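Read through the structure below, which is laid out as C-alpha cells, and then see the notes.
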Protein chains: 2
Amino acid sequence: MSEVKQIRILLVEDDESLGFVIKDNLEQQGMHVVLAMDGEVAQRTFTPKHFDVCVLDVMLPKVDGFALAEHIRLYDKDVPIIFLTAKSMKEDRIKGFKLGADDYMVKPFNIEELILRIQVFLKRTGKQQPQEQYQIGYYTFNVHNMELSARDSLKQLTRKEADLLKLLFDNKENMVARNVILKQIWGTDDYFAGRSMDVFISKLRKYMSADQRIEIVNHHGIGFKLTIKE
Amino acid sequence: MSEVKQIRILLVEDDESLGFVIKDNLEQQGMHVVLAMDGEVAQRTFTPKHFDVCVLDVMLPKVDGFALAEHIRLYDKDVPIIFLTAKSMKEDRIKGFKLGADDYMVKPFNIEELILRIQVFLKRTGKQQPQEQYQIGYYTFNVHNMELSARDSLKQLTRKEADLLKLLFDNKENMVARNVILKQIWGTDDYFAGRSMDVFISKLRKYMSADQRIEIVNHHGIGFKLTIKE
DNA sequence: TTTACCTTTAACAAATCGTTAACAAGATAT
DNA sequence: ATATCTTGTTAACGATTTGTTAAAGGTAAA
C-alpha cells in the first residue's frame with residue numbers, strides 16, 4: 001500500500017498557551033509538530049520540502065504571518081498554508097489568499113476543525129497519516145481503530161478500554177497512579193469511578209491473558225503498571 | 001460534464017493469469033487496456049501517440065522488455081513506461097531507467113499501487129481519468145455517475161448515498177468517526193443529522209447485502225468502518 | 001400545480017456500554 | 001491475628017446508541 005511517514009507540521013503561534021494546546025492536540029493525532037513563537041524563528045526553522053502543512057498566526061512579533069508566508073512561498077510553492085487570525089476582516093483574508101494561503105481560520109476556533117482541515121490537505125497532497133500501532137507482547141493495538149489483534153483474533157475495544165490501554169502503554173513499565181488514570185479518563189476520582197476502573201483493568205487482563213508475558217500489576221493503594229517481560 | 005477520452009494502457013505481460021488480473025483491474029478503473037503476451041506482438045501493436053501509459057514486463061519471450069522500451073522510445077519519447085520486474089537486480093533497474101523507464105515495480109506487487117502510479121503519470125501528463133471507479137467486493141462503484149453495479153444489477157445512488165459510500169471506501173478497513181462523517185457530509189453533527197446518517201448506513205448495507213464479504217460495522221458511540229473480507 | 005424523488009423526522013426494536021452491586025480475595029495496619 | 005480497607009471478578013441494570021421501516025417534509029422538474 002502507500003507509504004506512511006510521520007506528518008510534520010510547522011506551527012507558528014505567539015500565544016504560548018494556545019500554541020501548546022494546538023501542539024498537544026496535533027501530536028495526539030500522531031503528527032510531529034514544530035512550534036515557533038515568532039516569525040523570525042519560524043523563518044529560520046522553515047526548510048523546504050520538510051513540512052507537510054504550515055499553520056501560521058497572522059499577528060506575530062517581528063515578522064508577521066503574511067511576510068512569513070511570502071518567505072515560505074519563495075522556497076516551497078506547494079506546501080499548504082493555513083492562517084489563524086483573530087478577526088474576520090475581508091482584507092486580511094484576501095491578502096492571505098493572494099499569498100497562497102490555502103485555508104484560513106478565525107479565532108477562537110474549534111481545534112477539531114483545524115485537525116479536519118489539515119487532514120483535507122494531507123489527503124489532497126496524497127499523504128497519509130500514520131496509524132498509531134502499538135506492539136504489546138504479541139498483540140497489536142491500533143489506537144485509531146481501537147482494535148487489539150493477535151495472530152488469529154481481533155478484539156474490538158470500547159472507548160474506555162482503548163483509552164485505558166493506551167494510557168498504560170504510554171507509561172509501560174511505569175506505575176500510573178489511580179487518581180491520574182481516573183482524572184484523565186473518567187474526569188473524576190470518586191469511589192465509583194475507581195470501581196469502574198477496576199472493572200476495566202480486569203477486562204484488559206482477560207483480553208490479553210493469552211500472552212503470559214503481559215501483566216498489569218497493581219500496587220496496593222497506588223495504581224497500576226503495564227509490564228511486558230523479556 | 002465534458003466528454004473525456006478513455007485512457008489507453010499498453011500492457012505487455014507473458015504470464016497469462018497475471019496479465020488478465022491486471023487488465024481486469026485497470027478496466028475496472030475505466031481504462032482501456034490492450035494486453036500483449038510477448039514483445040514481438042507488442043512491438044507490432046504499439047502505435048505512437050496512441051497509448052497514455054505502457055506497462056512492460058521485463059522478461060518476455062522473443063523481444064524482452066528493455067528492447068521493447070527502446071523500440072517504443074524511438075517512436076514516442078514521452079509516453080510513460082513502467083517496468084514490471086521479477087527480480088530486484090540493480091543492473092536491471094539502471095538499464096531500464098536509462099532507456100526512459102519512468103517507474104518500475106518489483107513482483108509480486110500490489111495492484112492498487114500500480115493503479116496509483118499510473119494515476120500519477122496521468123496527472124503529470126495532464127491527462128485525467130474519465131471516471132473514478134472503485135471495486136467494492138463484486139460491486140463496482142462509479143463515483144461520477146453515482147452508480148453501484150454488480151454483474152447483473154445497477155443501482156443509481158443518490159448524492160448522499162454516494163458521498164457516504166465514497167467516504168467509507170476512502171477509509172476502508174478503518175474506522176471513520178461519526179462526527180467526521182457528519183461534518184464532512186452533513187455539515188453539522190447534531191442529533192438529527194446523526195439519525196439521518198444511520199438511515200443512510202442502513203440503505204448502503206441493504207444495497208450491498210448480496211456480497212457477504214462486504215460489511216459496514218458500527219462501533220458503539222464511535223463510528224463506522226467498511227470492511228471487505230479476503 | 002402536480003409529480004417524482006430525496007432527505008429528514010418519527011417510532012419502536014435491538015444492541016451495547018459504562019456503572020453499580022455483590023461477594024471473594026488480598027493487603028495493610030493495629 | 002484480625003479488623004479494615006483495597007482490589008479482582010462476575011453479573012445485572014439502566015441509559016444511550018444504533019438498526020430499520022415508514023411517514024412526513026422539501027425541492028426541483030414537468
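Naming: A, B, ... by sequence-line order, numbering from 1 per chain. Computed from a predicted model, the values in this text were never measured in an experiment.
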Quick one: which protein N/O atoms are closer than 3.5 Å to N/O atoms of nucleotides 5-7 of chain C? Pair and distance per line, please.
from, atom 1, to, atom 2, distance (Å)
dT7(C), OP1, Lys160(B), N, 3.3
dT7(C), OP2, Thr158(B), OG1, 2.6

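- Between the side chains of Ser196(A) and Asp198(A), no donor-acceptor pair of N or O atoms lies under 3.5 Å.
- A cation-pi contact, defined as under 6.0 Å to the ring centre and within 45° of the axis, links Lys203(A) to Phe200(A).
- Atoms CD1 (Ile181(A)) and C1' (dG18(C)) sit 17 Å apart, rounded to a whole Å.
- Between the C1' atom of dG26(D) and the CZ atom of Phe192(B) lies a distance of 16 Å, rounded to the nearest Å.
- With values rounded to the nearest 0.5 angstrom, Leu148(B) atom CG is found 6.5 Å from Ile136(B) atom CD1.
- Between the side chains of Asp170(A) and Tyr134(A), at least one donor N or O sits under 3.5 Å from an acceptor N or O.
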Between the protein and nucleotides 18-20 of chain D, list every N/O to N/O distance that falls short of 3.5 Å.
from, atom 1, to, atom 2, distance (Å)
dT18(D), OP1, Gly221(B), N, 2.7
dT18(D), OP2, Arg178(B), NE, 3.0
dT18(D), OP2, Arg178(B), NH1, 2.8
dT18(D), OP2, Arg178(B), NH2, 3.4
dG19(D), OP1, Arg205(B), NH1, 2.9
dG19(D), OP1, Arg205(B), NH2, 2.8
dG19(D), N7, Arg195(B), NH2, 2.9
dG19(D), O6, Arg195(B), NH1, 3.1
dG19(D), O6, Arg195(B), NH2, 3.4

- Message: Checking Lys225(A) against Glu173(A) for the salt bridge (Lys or Arg N to Asp or Glu O under 4.0 Å) test, could you report, in this order, the C-alpha distance in whole Å, the side-chain angles of both residues, the deciding distance, and whether it holds?
- Response: CA-CA 6 Å; Lys225(A) 178 173 81 172; Glu173(A) 311 302 343; 5.6 Å; no

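- Rounding to the nearest 0.5 angstrom, the gap separating the CD atom in Gln156(A) from the CG atom in Asn218(B) is 9.5 Å.
- The CG-P distance, from Leu164(A) to dT7(D), rounds to 14 Å in whole Å.
- Surrounding CD of Glu16(B) are at most 12 heavy atoms belonging to other residues, nucleotides or ligands under 6.0 Å away.
- Side-chain contact, Ser17(B) with Asp15(B): a donor N or O sits under 3.5 Å from an acceptor N or O.
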